[in-house]
Amino acid sequence: MAYSDKVVDHYNNPRNVGTLDKASEDVGTGLVGAPECGDVMRLQIKVNPETQVIEDAKFKTFGCGSAIASSSLATEWVKGKTIDEALSISNTDIVKELALPPVKIHCSVLAEDAIRAAIGDWKKKNSVETAAAVPAAAAH
Ligand code: FES
């Protein structure tokens, strides 16, 4: 299967690989796995507590090229966004940007899940209830 140029670019030059201090109050950590393939992704965000803007993001992914590219792109996209704006990033945006084929869609879902998990962790640490959390909870 041929990867798109953008996947190859992110795979060869992944942005924001690394680790933030998990113990910090300002850092949210999302650790998610894909049942389809066993790949694992960790995405971390550093949030300004006053503005709720994501000031930094790092990832580590043990997975396929598409998962690495998806998480690299996700860290680029969340930086500079508020947590509510970051919650609106969906895996379909990632699929479109990276031109992922159907068989690789779950790799982008992993990135969306990782963003949500990182934001959820940050909110829990900071006891934040945001407007975006209400409709999500009400939907169940
Ligand atoms: Fe499973 Fe890509 S093959 S995350």
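For this chain, numbers begin at 1 and follow the sequence in order. Computed from a predicted structure; not experimentally measured. Atoms within each ligand, like the ligands themselves, are counted from 1 in listed order.
- Between the side chain of S72 and the backbone N or O of I68, no donor-acceptor pair lies under 3.5 Å.
- The shortest heavy-atom distance from E36 to ligand 1 is not under 4.0 Å.
- In this structure, atom 4 (S) of ligand 1 lies nearest to the protein heavy atom D39 OD2, 3.2 Å.
- Counting the atoms of ligand 1 from 1 in the order shown, those under 4.0 Å from a heavy atom of A67 are 4 (S).
- The pair E97-K6 counts as a salt bridge, with a side-chain nitrogen and a carboxylate oxygen less than 4.0 angstrom apart.
- Close approach to C37 involves these atoms of ligand 1, each under 4.0 Å from a residue heavy atom: 1 (Fe), 3 (S), 4 (S).
- To the nearest 0.5 Å, the span separating SG on C64 from CD on E36 amounts to 10.5 Å.
- Backbone or side-chain N, O or S atoms of C64 reach atom 2 (Fe) of ligand 1 at under 2.8 Å.
- Under the 3.5 Å distance criterion, the side-chain polar atoms of D93 are matched with a main-chain donor or acceptor of S90.
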Please output the side-chain donor-acceptor pairs of residues 17-27 that fall under 3.5 Å, not counting sequence neighbours, one pair per line with the distance.
unit_1, atom_1, unit_2, atom_2, d
T19, OG1, R42, NH2, 2.9
D21, OD1, A23, N, 3.0
S24, OG, D26, N, 3.1

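- In summary, the atoms of ligand 1 found under 4.0 Å from a heavy atom of H106, numbered by their order in the structure, are 1 (Fe), 2 (Fe), 3 (S), 4 (S).
- For K104, every heavy-atom contact with ligand 1 shorter than 4.0 Å involves the side chain, none the backbone.
- Across P49 and W122, no two heavy atoms sit closer than the pair CA-CZ2, 4.3 Å.
- For C107, every N, O or S atom stays at 2.8 Å or more from atom 1 (Fe) of ligand 1.
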